Amino acid sequence: MSSDVLRPARGPVVLEGLPVSEGIDVGRARQVRWEVPQAPHEVVGPAGRDRELERFREALAWAKRRLQKTKAATAARLGAVEARIFDPQILMLDDPQVVEGTRRYIAENRLTAARAFDWRTLELKERWAQTSHPMVLDRLNDLDDLKLRVLGRLTGLPDPWELGRSAGLVVVARDLTPSFAVRLDPAQIAAVVTQEGTRSAHWAILLRALRIPAVAGLAGLFEKVRDGVEVVVDGRAGWVMASPGAAEKRRFERRRSALAGLGREMAALAGQESATRDEERIVLRANLDLPDEAPAAREHGAEGVGLFRTEFLAVGRTTAPGEEEQYRAYRTVVETFPDHAVVARTFDLGGDKFPLFLRMPTEKNPFLGRRGVRICLDEPELFATQLRALLRAAAHGDLRIMLPVVNTSGEVEAVRELLEKAAGQLREEGVAFDPSVKLGITVETPASALNAARLASHVDFFSIGTNDLIQYTLAVDRNCAHLSGLFDPFHPAVVHQVSAVVDAARSAGIEASACGEMAASPLGAVLLLGLDVGVLSVAWPSLPEIKKLVLGLRLSDAREAAARVRKAPNRAAAEAALTQVLIDAPEYRPFAPGP
Ligand code: PEP
Ligand code: MG
């Protein structure tokens, strides 16, 4: 831990967590609670009945006003299509099944409005769940959202979705979902702090893309960071300070401006070619979660896109993105990088990313369930639309298609067939597309890494997805803050697999890049380079720092360090070997200056 960390002797409350999204900022805490509140058990007398009916009417009217406001704000920020995600809930507030059913319970069973609504929604949920029609299952999610709002109103709790208008908010939450994260407005949210989650959680990846500083894994957060208190969040060091004093605030400002200065210095590196001191060329690409990030990625020196997580076009939506919408999104990114590759990964849904339009039965282990290419193959209509859009966008540049969570060549071949079918249709329709688009996979399961030699003859490229590869190899949940110490990128089993993928790619004459978070951490990048992964793709805000690292080191040193890591008896020894490369890199200065 660096000595410049903002740790006061006493007074302010300091919490140490996991740095998940860079940047430091200060704001006012806003606790966001997702738990459905308990409805009180009381029975009401005849006099109370009318009062409860009125309270129910008022709660529905209030929920409708709130939803309409949120819809309008979302439309202004993200567009009318995205704003439609609120429609089903707005309609439900007038659905007689919901409204009349609850009113009957209040009137006939003498229940409080909260209890009656709770009962009625439970009953409807059970009834709706018996049908497997996707539209009905979507409604279950909406009903849950609505229940939180209405019951929250009736029991006097704040609406967790309603962040109000005030800017400079620090969202305090137990955990986040990608669909909540994608709706956060960087102009309003100063930072996010959570009790659960880690750097490789998908919501954390999104916050980095949105440039919202965040710290996760903060034990006792809700008790220590109360609503409305001032909070300093250091997303680089992983510290949070509630109620800072004047002296701490001054130190915070100094640290913030020092980091901003370094940020400018880093940005100046954007135009410089990335090669090591021993003149080995390294390609640095960007990971994108949203198409809007493409220009910023280019400005930060990205040589193309190594991972475009297209599923964020779908997450949080009640209707799937159509072909035209997707085509425009992919084309925009491709045209932003006319001279470079853009690797678009097909929808990696499932795990922790569930759009409302997909019929997703509850799974006990979603990361081991319907996820990635499994969903692509299970949802032919959704997938065919995406393949058509990708093929069309590929006509405008070097777009490549990457499949997530693949285990077998059978999965790749099944996709190839669908790709050919989509190409055939486009040809018949006379629509322009690229018939020779490259098809690759994210190597992110031990099954694919250890089988890379065979898979290599079925694909045009590999990209090593270290986030999932580490999670699945070590049986350590990438989202679990408690286990973050066990999430070890330098574990011999991980190193062995990365090496196997590189060897397989080299023998087959195809590219092996890396696109997981490991490539964005200095030690992780040194190891990957030392293992001869010559193309790294990182979230674009990390590009200048990784470039600085590449410029400062010798590839031969990184290779030697990687050889030592292979023989290292433990993680500390592995890290020491990699750190030595940084110490020996005179140009490289770790990005953690003190005031
Ligand atoms: C990975 O698993 O490393 C990866 C890049 O994909 P994601 O983080 O989206 O699962
Ligand atoms: Mg992955």
Side-chain angles (χ1 to χ4, degrees), residues 20-21 176-179 181-182 197-209 216 284-290 293 297 305-315 342-355 365-376 400-407 411 440-449 452 461-480 484 487-489 491 494 497-498 501 512-521 524-525 527-528 533 535-540 542 546:
V20 302
S21 179
L176 247 57
T177 59
S179 58
V182 83
T198 62
R199 196 177 163 78
S200 45
H202 282 114
W203 63 255
I205 290 170
L206 265 176
L207 290 187
R208 285 198 288 283
L284 295 182
R285 295 185 185 142
N287 290 350
L288 302 188
D289 299 332
L290 302 168
E293 296 171 66
V305 174
L307 166 65
F308 176 10
R309 292 183 169 94
T310 63
E311 61 274 10
F312 288 114
L313 296 172
V315 165
V342 169
V343 179
R345 185 179 66 187
T346 61
F347 296 142
D348 182 12
L349 295 168
D352 59 356
K353 291 175 284 193
F354 300 99
N365 290 306
F367 272 99
L368 300 181
R370 280 181 89 216
R371 191 194 163 191
V373 77
R374 299 169 193 174
I375 291 190
C376 296
R400 305 174 186 179
I401 299 178
M402 178 158 78
L403 307 174
V405 200
V406 166
N407 276 340
E411 288 161 330
I441 61 169
T442 327
V443 179
E444 54 188 339
T445 65
S448 57
F461 63 91
F462 287 146
S463 184
I464 307 171
T466 52
N467 304 333
D468 279 308
L469 186 61
I470 298 169
Q471 143 165 286
Y472 292 135
T473 299
L474 304 180
V476 173
D477 183 344
R478 61 189 275 180
N479 292 325
C480 180
S484 60
F487 193 86
D488 178 4
H491 191 285
V494 175
Q497 291 179 77
V498 171
V501 177
S513 61
C515 61
E517 290 304 312
M518 181 174 168
S521 81
L527 177 56
L528 289 166
V533 180
V535 182
L536 303 182
S537 189
V538 301
W540 59 266
S542 303
I546 296 302

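Indexing begins at 1, ligand by ligand and atom by atom, following the structure's order. Being a predicted model, the structure only gives us computed values, none of them experimental. Hydrogens, waters and symmetry mates play no part in the numbers below; they use all other heavy atoms, side chains included.
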- Residue-ligand contact Arg371/ligand 1, heavy atom below 4.0 Å: yes

- Determine, using heavy atoms of Gln471 and all atoms of ligand 1, whether some pair is separated by less than 4.0 Å. no

- Query: Which heavy atom of the protein is the closest neighbour of atom 6 (O) of ligand 1, given with residue, atom name and distance?
  - Reply: Arg345 NH1, 2.9 Å

- Closest to atom 4 (C) of ligand 1 among protein heavy atoms sits Asn467 ND2, 3.7 Å

- Of all N, O or S atoms in Glu444, which has the smallest distance to the Mg ion (ligand 2)? OE1

- Measure from the Mg ion (ligand 2) to every N/O/S atom of Asp468 and report the name of the nearest one. OD2

Is there any N or O on [X] that sits under 3.5 Å from an N or O of ligand 1?
X      : result
Thr442 : no
Arg309 : yes
Arg478 : yes

Could you report the tightest heavy-atom contact between [X] and [Y], atom names first, then the distance?
X      : Y      : result
Lys353 : Phe312 : CD-CZ, 3.8 Å
Val20  : Ala216 : CG1-CB, 3.7 Å
Phe461 : Arg400 : CE2-CB, 3.7 Å
Ile375 : Arg370 : CD1-O, 3.3 Å
Ile464 : Leu469 : CG2-CD2, 4.0 Å

- Query: About how many Å separate OG1 of Thr442 and CZ of Arg309, when rounded to the nearest 0.5 Å?
  - Reply: 9.5 Å

- Message: According to side chain to side chain contact (heavy atoms under 4.5 Å, CB included), who are the partners of Ala297, at least two apart in sequence or on a separate chain?
- Response: Ala286, Leu288, Ala302, Phe337, Trp540

- Item | Ligand-side contact atoms (ligand 1) for residue partner Leu307, heavy atom cut-off under 4.0 Å | 5 (C)

- Charged N-O contact under 4.0 Å between Glu517 and Arg478: no

- Proximity of Ile205 to ligand 1 by residue part, where a heavy atom lies under 4.0 Å: side chain

- Of the backbone atoms (N, CA, C, O) and the side-chain heavy atoms from C-beta on, which set of Leu469 has a member under 4.0 Å from an atom of ligand 1: side chain, backbone, both, or neither? neither

